[in-house]
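When reading the values below, keep in mind they use all heavy atoms of this one structure, side chains included, and skip hydrogens, waters and symmetry mates. In the text below, chain A, chain B and the rest are named by the order of the sequence lines, each starting its count at 1.
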Amino acid sequence: MDISALNEKIRNESAFIDILMQEIGKVIVGQKAMVERLVVGLLGNGHILIEGVPGLAKTLAIKTLASAMKARFQRIQFTPDLLPADLIGTQIYNQREGSFFIRKGPIFANFILADEINRAPAKVQSALLEAMQERQVTIGEETFKLDDPFIVLATQNPIEQEGTYPLPEAQVDRFMLKIKITYPLRDEEQRIMKQNVTDVDYAVQPVISIGEIINARKLVREVYVDEKIEKYILDIVFATRTPKDFGLEKLSDLISYGASPRASIYLALAAKSLAFIKRRGYVIPEDVRAICMDVLRHRIAVTYEAEAEELTSEYIIQEILNKLEVP
Amino acid sequence: MVKSFFFVLFHSLLFVNSISAQTISAKSSTDKNDYLIGDYIDFTVKIEYDPSISIINPAIKDSLKNIDIIKSEAPVKKEESNKKVLVYKFILSRYDSAEVVIPPIPIYYRISKEGEALSPVISDNNIASDTTIRSTFTNEVRFTVHSLKISREEEIKDVKAPVKIPLDWKIVALWILAGLLLISAVIFLYLKWKKNKQVTEVEAPKIDIPPHVAALNSLNLLEKKKLWQQGLVKEYHTEITEIIRNYFEAAFNLPALELSTSELLEELSVNPEAKKIAGITSDFLNNADLVKFAKFQPINQVNEQMMIQAKIIIEDTIPSGKNLTEESGKHVQ
């Protein structure tokens with residue numbers, strides 16, 4: 001397709017993004033970056049992990065996003081006694097008929113809010129993450145395809161680590177984005193305070209349908225990525241693996257292992273989604289740089305030396321972005 | 001003593017026939033008869049025998065009991081007046097005072113016979129040997145090992161002070177000479193290095209070309225390449241933006257090559273010297289981005305406009321007092 005035609009098409013088709021943002025904005029004050037990234041995940045068909053201290057509207061944002069769409073939403077509170085069957089469902093014996101029937105679990109929905117995912121033991125996390133990857137679950141001898149769209153939005157708390165089960169690196173890698181949210185600004189917090197102490201109902205109305213989302217996803221895949229941008233993405237990902245090759249010798253001792261090929265795929269896809277949100281038919285370096293931190297921060301393992309110096313994967317990514325030439 | 005005598009007598013009678021036919025003599029001795037404890041004792045066993053006799057390797061060490069063997073030398077074979085001589089030498093020592101007796105040491109041998117194979121004996125010729133083993137003995141050796149004599153009448157003396165080795169002026173002179181040579185070598189190398197460095201500095205002076213001159217030169221070169229006229233539109237836009245980004249790096253000390261368009265525009269908008277060109281730069285970079293990343297095919301006027309805009313960006317930000325046509329740059333000392 002001609003790029004100007006694609007540009008025009010995307011400009012028209014992405015109009016719903018503004019409506020969606022406006023609807024979410026009724027409830028969520030500030031946190032624009034978080035909401036934008038939630039939409040990136042939605043358009044890129046990727047799962048999202050949100051990390052932030054309690055009370056930052058993580059759960060509310062996800063609930064609001066689901067409510068703004070005509071989609072099925074399920075919230076699962078992860079606890080230490082949760083079992084895989086509580087999540088995916090189980091076979092129940094019917095005494096009257098003398099046979100088993102399948103009761104599907106809450107995972108059969110379009111939006112899953114896995115609240116405090118690190119509070120459940122490894123077997124439950126593993127069941128969820130397998131469903132996330134395969135987009136199907138097996139109960140007994142039957143395999144069920146999960147709904148489309150199927151997006152897991154998991155939250156985790158960086159504090160109160162006692163009694164939690166940190167997600168293994170291999171499983172964290174399956175999340176397209178890991179979003180870190182911080183405290184709102186002073187005037188934002190004032191608005192939040194006002195909004196929550198009055199009797200006004202800020203109910204969110206469904207403004208887009210599943211069909212629109214699926215259609216938008218197809219368009220996102222069509223967004224043009226130039227070879228220069230592809231090379232830039234590869235440079236970023238390879239710099240996390242072999243920083244010496246990019247003149248970043250000081251990072252060599254800080255990286256235990258770099259980002260996987262999944263990072264390149266998700267970085268390209270997230271950049272495309274962001275371009276779509278910005279109503280463009282092509283990706284520019286800004287898109288890659290804007291989303292890079294959220295795609296890579298959970299895919300780079302730092303060494304003990306880095307931990308000792310309190311240097312995080314975010315520092316490494318920032319150093320890489322500062323060093324690499326923008327195309 | 002008596003026991004030793006009977007031992008010798010018994011063996012002599014046993015091999016009486018052989019002795020009568022062939023001659024062999026064995027003698028053991030020490031260099032002195034009186035030693036201080038810890039002294040080295042040179043002990044020698046010398047065997048003289050006819051060439052037709054083959055000596056079986058004697059087990060001398062077995063007879064050297066109650067005494068320490070410091071060193072045993074390899075046996076020496078030689079010939080003296082038609083006789084073969086075999087000499088074993090040992091250095092012994094003892095760390096206790098005693099009257100030491102080394103008893104007669106048996107030396108076993110065979111007498112050769114024609115047509116017989118050689119047995120494992122010390123033999124210098126390939127003459128076949130008799131299978132009968134015969135023996136002879138060395139003489140008994142006696143010596144005294146005594147301790148230091150203690151004089152109870154004299155006073156107890158203090159430990160001797162360490163011996164002072166007299167200073168050898170030859171060695172001292174040698175060390176001084178070596179030190180002087182080393183210092184001279186270091187000074188020589190340093191002067192040589194300094195001289196080379198000065199030569200290099202003179203040969204390659206650093207030329208500081210003002211950023212605007214370098215950028216305008218690069219733009220002129222790009223113009224001469226006629227890239228967009230040859231259909232290389234994307235390459236043209238890539239190069240022209242790179243020249244401008246490099247100019248921003250040098251002129252405003254911004255990491256322009258590592259910043260995206262929006263980040264760079266943001267930086268320019270807050271820079272007092274670059275604020276005035278923020279608008280034109282925005283058009284310039286955004287147009288280039290469209291060509292570079294969105295397959296946009298601009299008309300010729302746009303390409304020409306890009307060059308004009310690039311030159312305006314540079315000309316508008318030349319620091320006051322600088323000459324636009326200054327091309328040679330200046331030398332830095």
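- Only the side chain of T238(B) comes within less than 4.5 Å of a heavy atom of chain A; its backbone N, CA, C and O stay farther away.
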Subject >> Working for side chain to side chain contact (heavy atoms under 4.5 Å, CB included), residues R245(B) and E325(A) >> reply: CA-CA 11 Å; R245(B) 280 170 182 268; E325(A) 268 188 31; over 6 Å; no
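- When all heavy atoms of V283(A) and F293(B) are compared, the pair lying nearest together is O-CB, 3.5 Å.
- Atom CZ of F188(B) has 12 or fewer heavy atoms from other residues, nucleotides or ligands within 6.0 Å.
- Other residues, nucleotides and ligands place more than 12 heavy atoms under 6.0 Å from the CD atom of E305(A).
- Counting non-hydrogen atoms of other residues, nucleotides and ligands closer than 6.0 Å to NZ of K323(A) gives a total of 12 or fewer.
- Remark: R289(A) engages E263(B) in a salt bridge, criterion side-chain N to carboxylate O under 4.0 Å.
- For CD of E310(A), the number of neighbouring non-hydrogen atoms (other residues, nucleotides, ligands) closer than 6.0 Å is 12 at most.
- In terms of non-hydrogen atom pairs under 4.5 Å with chain A, the most contact-rich of T241(B), L259(B), D289(B) is L259(B).
- Contacts between V288(A) and chain B at a heavy-atom distance below 4.5 Å are absent for every atom of the residue.
- For E273(B), the CD atom sits in a loose shell: 12 or fewer heavy atoms of surrounding residues, nucleotides or ligands are nearer than 6.0 Å.
- For N253(B), the CG atom is loosely surrounded, since the number of other residues' heavy atoms within 6.0 Å does not exceed 12.
- Top candidate by heavy-atom pairs under 4.5 Å with chain B, chosen from K228(A), E286(A), E227(A), is E286(A).
- With rounding to the nearest 0.5 angstrom, the CD1 atom of I284(A) is 7.5 Å from the CG atom of N286(B).
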